[in-house]
Amino acid sequence: MRRTKEQAEQTRSAILAAAELLFLEKGVAHSTLEQIAQAAGVTRGAVYWHFQNKAHLFHEMLSQVRLPPEQLTERLSGCDGVDPLLSLRDLCIGAIENLARDEQKRRIFTILLHRCEFTAELREAEERHNAFINQFIHLVEELLARPACKPRLQPGVSPGLAARALHALLIGLFTDWTRDQSLFDPLQDTAGLIDALLRGLVREWNPPAVADGTHALQPAL
């Protein structure tokens, strides 16, 4: 039984890896489940055993590089006396820095941002993707609305406006760097880019100096 489970997990991993490479090369819309099965060295039936359809497969591929909601909530909450705004800053910095550190994350986000058209076939994946984005924005807005954070926002900046501005910056950095890696250095420039926005959102923003390359959190799009 254990061997069977191991074989099933190996097959699932092989399908995901094959899909990732095909999506990157051909685009999601132009890659079929039959092509993915051939590239993985399995039958089409094996693909359907593990994944309901292409939308489900695509969603599971994205899930490999996203924080689960529970971990995302924990990372944003701040603990052990840590300033929750610093927790938010570190999460954002780590998300961008990990594009440079992790080749799989780089490939998958390149697929999402540059190789994917959300056609009718991918409607379910699109809905799940949008739900993830909305959840992230909502969690950030909730954090910024706390009594410990809201009074620190600049005049005229609401928690909702700040949450959307921060998410817009993250999406822009993800999109730009996966399109052209010469635009900025994620390991050297990200903290400065995030802090430039936070200075416009938070009064007297003055985060502690941190040595380069110390952030290693997961991406949260």
Side-chain angles (χ1 to χ4, degrees), residues 62 65-69 71-110 112-114 129 132-221:
L62 291 181
V65 296
R66 284 176 169 164
L67 281 174
Q71 291 185 33
L72 182 59
T73 302
E74 182 180 355
R75 293 275 178 89
L76 286 173
S77 66
C79 57
D80 298 327
V82 176
D83 182 349
L85 291 181
L86 289 179
S87 295
L88 175 61
R89 173 186 186 260
D90 286 349
L91 180 71
C92 294
I93 293 173
I96 304 300
E97 287 186 349
N98 273 345
L99 284 177
R101 291 195 178 98
D102 192 314
E103 291 185 5
Q104 184 187 37
K105 290 181 176 66
R106 190 184 316 158
R107 290 194 299 268
I108 289 178
F109 279 100
T110 298
L112 173 64
L113 296 168
H114 304 289
H129 174 60
F132 181 88
I133 290 174
N134 291 338
Q135 181 183 47
F136 174 76
I137 294 173
H138 177 68
L139 287 172
V140 174
E141 184 175 355
E142 281 192 331
L143 181 149
L144 295 174
R146 293 179 185 178
C149 298
K150 187 175 180 180
R152 297 165 62 186
L153 294 178
Q154 295 281 10
V157 176
S158 68
L161 187 152
R164 283 155 182 78
L166 186 59
H167 181 261
L169 176 62
L170 289 176
I171 287 292
L173 294 177
F174 269 90
T175 302
D176 277 354
W177 194 79
T178 51
R179 176 180 59 82
D180 183 353
Q181 295 180 17
S182 70
L183 291 175
F184 67 94
D185 183 342
L187 298 179
Q188 298 294 326
D189 302 331
T190 300
L193 290 165
I194 298 296
D195 285 332
L197 176 68
L198 289 174
R199 277 192 289 272
L201 301 176
V202 180
R203 301 171 189 259
E204 300 179 357
W205 180 249
N206 186 29
V210 180
D212 292 337
T214 60
H215 301 276
L217 303 181
Q218 302 286 336
L221 240 191

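Every heavy atom of this structure was used, including side-chain atoms; hydrogens, water molecules and symmetry mates were not.
Here the side chains of P159 and L153 are in contact, with some heavy-atom distance below 4.5 Å. Counting heavy atoms from C-beta outward, C92 and L88 have side chains that approach closer than 4.5 Å. The shortest distance between side-chain heavy atoms of F136 and R66 does not fall below 4.5 Å. Contact of the V202 side chain with the V157 side chain is not registered, since no non-hydrogen atoms from C-beta on lie closer than 4.5 Å. The closest side-chain heavy-atom distance from W177 to L183 is not below 4.5 Å. The side-chain heavy atoms of D102 and R106, taken from C-beta on, include no pair separated by under 4.5 Å.
To the nearest 0.5 Å, the span separating OG1 on T190 from CD on E97 amounts to 5.5 Å. The distance from atom CG of L169 to atom NE2 of H167, rounded to the nearest 0.5 Å, is 10.5 Å. The CG atom of D195 lies 9.0 Å from the CG atom of N206; values are rounded to the nearest 0.5 Å. Here the CD atom belonging to E103 is positioned 11.5 Å from the NZ atom belonging to K105, to the nearest 0.5 angstrom. Taking CG of D189 as the start and CD1 of I194 as the end, the distance is 11.5 Å to the nearest 0.5 Å. Atom NE2 of H129 is separated from atom CG of L62 by 7.5 Å, given to the nearest 0.5 angstrom.
Contact record, F184 with P186: O-CD, 3.4 Å, taken as the closest heavy-atom pair.
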Donor-acceptor pairs under 3.5 angstrom involving side-chain atoms of residues 137-144: please list them, not counting sequence neighbours.
residue	atom	partner	partner atom	Å
H138	NE2	E142	OE2	3.1
E141	OE1	R164	NH1	3.3

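Using a distance-only test at 3.5 Å, with no hydrogens or angles considered, a donor-acceptor pair links the side chain of R203 to the main chain of P151. Looking only at distances, no side-chain donor or acceptor of Q154 sits under 3.5 Å from a matching main-chain atom of L198. Panel note: side chain T178, backbone T175; a donor-acceptor pair is recorded below 3.5 Å.
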Handout entry: D176/D180 under side-chain contact (heavy atoms from CB on, under 4.5 Å): CA gap, chis, key distance, verdict
Key = CA-CA 6 Å; D176 277 354; D180 183 353; over 6 Å; no
